[in-house]
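Report on the structure given below.
Order of listing sets the numbers, starting from 1, for every ligand and every atom in it. Because the structure is predicted, anything quoted here is derived from the model rather than measured.
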Amino acid sequence: GLAARVTNVSKRYGQGDGAVLALDDVSIGVRRGQFTAIMGPSGSGKSTLMHIMAGLDQPTSGDVWLGDTEIGRLGDSELTVLRRRRIGFVFQSFNLVPTLDARANIMLPFDLDKHTPTSDERAWIDALTDSLGLTGRLTHRPHEMSGGQQQRVAIARALASRPDLIFADEPTGALDTRTSREVLELLSRACAEYGQSIAMVTHDPVAASYADRIVFLADGRIVDEMAGASAEQI
Ligand code: ADP
Ligand code: ADP
């Protein structure tokens, strides 16, 4: 497992009068095996925080830690390898490769790493695609699938290499209730049983209730925190 932490992170977009302070002195950690939901109004800085925690974007000030490493000290190629091996992403826009079928999209992290999956890894990927209801869709390309199916392929790809950290931006936004529930159960099991850490942006209190804790952002600041189990209060 790998913990992630940001300390005193601020992020400013633009200059002068047009500048936006998207994050204002935020400190937050995601422990090993912890499932954190991030909620807050549109424009409150949720996506910016996730991108910075994942090393996809740089803060204007503050430190970003992945495990024992402050990522500002890493070169681009070291950061790329760290991201590819240890971090999984589920974006709102699915970011699937249109020319590859579902299976090839799911296996992309292995192929980029020139790593042939072991039999244990293959068993995990089969279990994963099965529980996501993708078994009959593996030879379909993205344009031959519904939005919900594409989202499940993106989730399978993010989990396939068993990354220590998973960042998910509205992962259930395009899914029906039943599939949402299966995806959320899969994510919470990944944390509880395998020590993976997840940070998930969501608008949905039901989705947030699967998390261990919920962090609320407003105007670029953390304004509240509660246990996931108390999500019915939202
Ligand atoms: P959320 O994910 O909560 O909707 P974001 O992190 O996307 O919030 O955005 C926070 C603020 O930063 C918003 O005011 C948004 O308009 C602004 N913002 C986000 N990305 C950019 C960017 N690339 N350039 C300029 N402003 C941005
Ligand atoms: P079963 O409960 O039938 O064993 P699972 O889906 O729980 O099926 O697991 C299948 C395989 O994948 C097992 O080898 C298990 O160790 C592994 N596995 C399941 N979930 C994860 C996960 N989140 N991270 C890493 N490995 C996992």
Side-chain angles (χ1 to χ4, degrees), residues 3-30 34-66 70-72 74 76 79-80 83 87-96 147-148 150-151 154-155 157-158 163 165-175 180 183-184 187 191 197-228 230-231 233-234:
R5 163 167 299 281
V6 301
T7 51
N8 304 107
V9 156
S10 295
K11 177 67 176 181
R12 186 181 304 279
Y13 289 112
Q15 301 286 333
D17 285 351
V20 173
L21 191 57
L23 292 177
D24 182 7
D25 197 25
V26 169
S27 298
I28 181 179
V30 177
Q34 191 179 46
F35 187 179
T36 298
I38 303 171
M39 301 188 82
S42 179
S44 56
K46 303 182 296 295
S47 299
T48 301
L49 176 60
M50 291 244 297
H51 282 94
I52 288 177
M53 289 188 96
L56 290 170
D57 198 0
Q58 291 189 342
T60 308
S61 59
D63 289 337
V64 182
W65 296 85
L66 287 172
E70 205 288 301
I71 64 175
L74 294 179
D76 280 351
L79 185 55
T80 302
R83 272 203 308 256
I87 299 181
F89 303 97
V90 186
F91 293 107
Q92 256 165 345
S93 54
F94 313 120
N95 284 20
L96 300 178
Q150 292 180 53
Q151 179 66 305
I155 290 166
R157 183 182 56 189
L165 272 164
I166 296 157
F167 293 95
D169 201 346
E170 295 279 0
T172 57
L175 304 180
S180 288
V183 164
L184 290 159
L187 291 176
C191 288
S197 312
I198 302 180
M200 170 182 78
V201 167
T202 185
H203 283 102
D204 178 7
V206 176
S209 72
Y210 283 81
D212 300 312
R213 63 160 182 173
I214 309 171
V215 169
F216 294 87
L217 283 184
D219 294 328
R221 291 178 152 267
I222 293 173
V223 294
D224 200 4
E225 191 177 321
M226 64 167 70
S230 30
Q233 295 166 21
I234 299 168

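Protein neighbours of ligand 1 below 4.0 Å, counting non-hydrogen atoms: Tyr13, Val20, Ala22, Pro41, Ser42, Gly43, Ser44, Gly45, Lys46, Ser47, Thr48.
The heavy-atom pair separating Val201 from Met50 by the smallest distance is CG2-CG, 3.6 Å.
Counting heavy atoms of neighbouring residues, nucleotides and ligands inside a 6.0 Å radius, atom CZ of Arg12 does not exceed 12 of them. Taking a 6.0 Å sphere around CG of Asp224, one finds it holds more than 12 heavy atoms contributed by other residues, nucleotides or ligands. A 6.0 Å sphere centred on CD of Glu70 holds more than 12 heavy atoms belonging to other residues, nucleotides or ligands.
The ring-ring contact (aromatic ring centres under 6.0 Å, His included) test applied to Phe89 returns Phe91, not counting sequence neighbours.
Checked by atom type, the side-chain pair Asp169/Ser47 shows a donor-acceptor distance below 3.5 Å.
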